[in-house]
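The block underneath contains the structure these notes are about, expressed in C-alpha cells.
In what follows, every chain begins at residue 1, and chains take the letters A, B, ... in the order their sequences are listed.
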2 protein chains.
Amino acid sequence: MPRIDLGAQGFIYPMPMTLIGADLDSGPNFMPVAWVNRVQPNPPRIATGMGKAHATNAGIREHGQFSVNLPSVDMVAVTDWCGLVSANRGAEKAAAFDVVRGTLEHAPMIAECPLSLECRIHEIIDLGSHELFIADIVATWTEERYLDDAGRPDIEKMRPFTLTMPDNRYWAVGEQVGGAWSTGRSFEPPGGR
Amino acid sequence: MPRIDLGAQGFIYPMPMTLIGADLDSGPNFMPVAWVNRVQPNPPRIATGMGKAHATNAGIREHGQFSVNLPSVDMVAVTDWCGLVSANRGAEKAAAFDVVRGTLEHAPMIAECPLSLECRIHEIIDLGSHELFIADIVATWTEERYLDDAGRPDIEKMRPFTLTMPDNRYWAVGEQVGGAWSTGRSFEPPGGR
C-alpha cells in the first residue's frame with residue numbers, strides 16, 4: 001500500500017509515563033514526563049527533554065538532582081492531574097503523595113510509585129524551547145513485592161502505563177510477545193543460515 | 001512497605017522498540033534500539049543513545065541521517081534477529097526487508113513497519129561508551145490503514161511493542177486506561193478545589 005508523509009510532528013509509540021520530582025523553593029514538586037529514556041549502560045545514564053519554562057526545570061538546574069518515578073495504572077488520574085496544574089501558579093502537587101528521600105539531598109520521590117530512579121545531572125543541552133537533562137542514575141528504589149524470582153523489577157507487578165501523542169491517550173502494558181536476544185534465534189534469515 | 005535500593009542499573013518501564021536504519025558502505029542496515037524518544041516539540045526532535053562501536057553509529061556519523069522504524073508485534077522475530085547479528089560481521093540485514101526511501105538521501109526505511117521517522121542529525125553528544133544522537137524529524141511515513149478517523153496514527157492498528165530490561169522481555173500494548181490532559185480533571189486534589 002502507498003506510504004504517506006504526515007510531516008515532521010512524528011512520535012515514538014508508545015512513550016513511558018513518569019513523574020519527575022525536583023525540589024523548588026516552595027518544596028518538592030512533581031511533573032508528568034513521557035519524553036525520557038535510558039541512553040547509556042555504564043555509567044548508567046538517562047536523558048529527558050523538558051520545556052525550559054517549567055518550575056521543575058528551574059529546580060533541576062538549581063540543584064542538579066531529580067527523580068524519575070513510574071506510577072502504576074492505579075495512579076492515572078493523579079498523574080494526569082499533575083500535568084493540569086502548575087507549581088508556577090501555586091499548585092502544591094507534593095501534598096497528593098507520600099514524599100520520600102533516598103541518598104541524594106534534592107531528589108524527592110513518590111512512595112506510592114512502584115519504582116523511582118534517583119538521578120544526578122551529568123550535562124544539560126540547550127535545544128531551544130526545551131533543555132535536555134542528561135543524568136547519571138544513582139539509585140533505583142522499589143519494594144520486594146514488585147520483584148520477580150530473580151530479584152528484578154517485574155512489569156506485570158508494577159503495572160506502569162504509557163502515552164501516545166498527538167492523540168493523547170494512556171495505555172496499559174499488554175501480554176509478553178517474546179524475549180530479547182532470544183526470539184530472533186528462530187528467525188530464518190534471507191538466504192538461509 | 002520498606003523500599004529497597006537495587007543500585008544504579010535502573011531502567012524506564014517499558015521502552016519503545018524500534019529499528020534504526022542507516023546507510024553503511026555495504027548498503028542500508030537496521031539495528032534494534034529501545035533507547036529512543038522525543039525530546040522537543042518545535043523543532044520536533046528526538047534523541048537516542050547508541051554504542052559507538054556499532055556499524056550503524058558509523059553510518060549515522062558519516063551521513064548525518066537515519067530512520068526510526070516502529071515494527072509491529074508480527075515482526076518480533078525479525079526485529080530481535082537484527083540484534084543477534086551484526087553488519088560488522090557481514091550480516092545483510094536489509095535483505096530481510098523491503099527497503100524504501102523518503103525525502104532524505106541516507107535514511108533507509110522498512111516498508112513493513114507501520115511507521116517510520118526520517119531524521120537529520122542536529123547534534124552528537126559523546127557520553128563515553130555511547131553517543132547521543134539528537135536529531136530533527138524531517139518526515140513521518142505511514143499508511144492510511146494505520147490512521148484513526150482524525151488522521152492520526154492509531155496504536156491499536158499499528159500494534160508496536162516495547163522492551164523491558166534487565167529481564168529482556170518484549171510486550172504488546174494493552175488497553176487504554178485514560179486520556180492525557182483529561183483524566184486528571186476528575187481527580188480530587190488534596191485540600192479540595
Side-chain angles (χ1 to χ4, degrees), chain A residues 1 3 5-16 35-40 44-45 47 49 70 73 76-78 80-81 84 95-96 117 127 130 132 137 139-141 143 152 155 160-161 163-164 166-181 183-184 186-187 190, chain B residues 1 3 5-16 35-40 44-45 47 49 70 73 76-78 80-81 84 95-96 117 127 130 132 137 139-141 143 152 155 160-161 163-164 166-181 183-184 186-187 190:
Chain A
M1 290 175 71
R3 283 168 83 78
D5 177 13
L6 301 179
Q9 282 294 350
F11 290 87
I12 304 292
Y13 293 82
M15 303 181 289
W35 295 1
V36 56
N37 211 331
R38 278 288 291 262
V39 293
Q40 181 167 270
R45 233 161 239 169
L70 277 75
V73 290
V76 168
V78 66
D80 193 59
W81 171 76
L84 292 171
L117 307 178
L127 295 176
H130 280 44
L132 190 69
I137 303 169
T140 305
W141 293 94
E143 298 176 25
R152 303 168 302 199
I155 198 168
F161 59 100
L163 172 69
T164 50
D167 53 318
N168 301 341
R169 293 189 283 175
Y170 296 126
W171 304 90
V173 176
E175 73 275 19
Q176 185 183 347
V177 293
W181 296 282
T183 297
S186 66
F187 178 74
Chain B
M1 290 175 68
R3 282 168 83 79
D5 177 12
L6 302 179
Q9 281 294 349
F11 289 87
I12 304 291
Y13 293 83
M15 303 181 288
W35 293 2
V36 57
N37 212 332
R38 277 288 291 262
V39 293
Q40 182 169 269
R45 235 161 235 169
L70 276 76
V73 291
V76 169
V78 66
D80 193 59
W81 171 76
L84 293 171
L117 307 178
L127 295 175
H130 280 44
L132 190 69
I137 303 168
T140 304
W141 293 94
E143 298 176 27
R152 304 168 302 197
I155 197 168
F161 59 100
L163 172 69
T164 50
D167 53 318
N168 301 341
R169 292 189 283 176
Y170 296 125
W171 304 89
V173 175
E175 73 275 20
Q176 186 183 346
V177 293
W181 297 281
T183 297
S186 67
F187 178 73

Per-residue contact mode, L127(B) against chain A (heavy atom under 4.5 angstrom): both
Which portion of R45(B) sits near chain A, non-hydrogen atoms under 4.5 angstrom: side chain
For chain B, the option from [options] that forms the most heavy-atom pairs under 4.5 Å:
| options | result |
| --- | --- |
| A180(A), G10(A), G179(A) | A180(A) |
| D167(A), T164(A), I155(A) | I155(A) |
| A77(A), A47(A), A96(A) | A77(A) |
| P166(A), A95(A), P14(A), P160(A) | P14(A) |

Q176(B) side chain to W171(A) backbone, donor-acceptor under 3.5 Å: no
Between [options], which residue shows the highest count of heavy-atom pairs closer than 4.5 Å to chain A?
| options | answer |
| --- | --- |
| A172(B), G49(B), P44(B) | A172(B) |
| L132(B), T183(B), D5(B), I12(B) | D5(B) |
| V78(B), L117(B), V39(B) | V39(B) |
| V73(B), L163(B), V76(B) | V76(B) |

For E175(A), salt bridge (charged side-chain N to carboxylate O under 4.0 Å, His left out) partners two or more places apart: none
Q9(A) versus R38(B), side-chain donor and acceptor atoms under 3.5 Å: yes
Contacting region of R3(A) [heavy-atom separation from chain B under 4.5 Å]: both
Portion of L70(A) that has a non-hydrogen atom of chain B nearer than 4.5 angstrom: side chain
Distance (rounded to the nearest 0.5 Å) between R152(B) CZ and L6(A) CG: 12.0 Å
From I137(A) atom CD1 to F11(B) atom CZ, the distance as rounded to the nearest 0.5 Å: 7.5 Å
Atom of T140(B), atom of G7(A) and distance for their closest heavy-atom approach: OG1-O, 2.6 Å
Heavy-atom side-chain proximity of F187(A) to D80(B) below 4.5 angstrom: no
Residue pair N37(B), M15(A): steps toward the side chain to side chain contact (heavy atoms under 4.5 Å, CB included) verdict: CA-CA 7 Å; N37(B) 212 332; M15(A) 303 181 289; 3.3 Å; yes
From CA spacing to verdict: side chain to side chain contact (heavy atoms under 4.5 Å, CB included), W181(A), L84(B): CA-CA 6 Å; W181(A) 296 282; L84(B) 293 171; 4.1 Å; yes
